[in-house]
Amino acid sequence: MAGIWSKMKIEQRLESLRRYVTPALLAAAGVFIITCMALFVPPYIGMADNGDYFRILYSNGLYFNAPDYDSQYFGYFIKQYGIFQYYNENAATLFSSQSVFIKAAIWLNQLLYSHEIFDIRFQAAIFLVLYTIPDFDHRDIFIR
């Protein structure tokens with residue numbers, strides 16, 4: 001008798017959960033959790049640098065603050081960059097849509113972390129939000 005009672009209780013809870021958790025919400029939560037683990041839990045996942053990102057960073061007021069060649073090109077992952085404190089003569093060398101996201105990440109970094117060191121995980125957080133939002137179909141909430 002107790003087994004039937006607990007089974008009914010579980011089914012009632014699952015039914016109430018199904019009412020509020022749509023497949024789109026579940027997918028968005030899954031994408032968010034997996035991406036957070038990949039980007040923000042050590043060891044951090046990085047990617048090889050072919051020099052393009054350096055040009056974008058430099059034109060947006062960031063620079064490598066570990067100038068040795070090995071850590072820049074053969075290291076595991078560079079997550080912290082310096083923020084120019086003075087005039088950047090290369091501020092307009094490269095125009096790209098990526099600059100919008102870098103500027104937003106710099107602003108967020110300076111607001112929450114540091115005015116001198118840029119942590120690239122702030123840019124990862126912006127991309128994570130932009131990556132997760134399309135997975136969540138908000139219309140399902142309003143239809144019910």
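Numbering starts at 1 and runs along the sequence shown. Being a predicted model, the structure only gives us computed values, none of them experimental.
A heavy-atom distance below 4.5 Å is found between the side chains of Q123 and Q98. Looking only at side-chain heavy atoms (C-beta outward), F101 and L130 come within less than 4.5 Å of each other. Contact annotation: the side chain of F118 approaches that of I106 to within less than 4.5 Å [non-hydrogen atoms, C-beta and beyond]. Contact annotation: the side chain of L128 never approaches that of V31 to less than 4.5 Å [non-hydrogen atoms, C-beta and beyond]. Looking at heavy atoms from C-beta onward, H115 lies out of side-chain contact with I83 at the 4.5 angstrom threshold. Between F122 and L112, the closest side-chain pair of non-hydrogen atoms falls below 4.5 Å.
With T132 contributing its side chain and V129 its backbone, the two residues share no donor-acceptor pair below 3.5 Å. Without hydrogens or angle criteria, N109 side chain to S114 main chain gives a donor-acceptor distance under 3.5 Å.
Other residues, nucleotides and ligands contribute only 12 or fewer heavy atoms inside 6.0 Å of the CZ atom of F32.
Under the 4.5 Å side-chain contact rule for hydrophobic residues, L111 and I117 share a cluster. Y113 and I102 are not part of a single hydrophobic cluster, where members link through side-chain heavy atoms under 4.5 Å apart.
To the nearest 0.5 angstrom, L62 atom CG is 8.5 Å from I120 atom CD1. Here the NZ-CZ distance, from K79 to R121, works out to 3.5 Å after rounding to the nearest 0.5 Å.
The ring pair (Phe, Tyr, Trp, His ring centres under 6.0 Å) search around Y81 returns F64, not counting sequence neighbours.
Nearest approach of Q80 to N65, heavy atoms of both residues: O-OD1, 3.1 Å.
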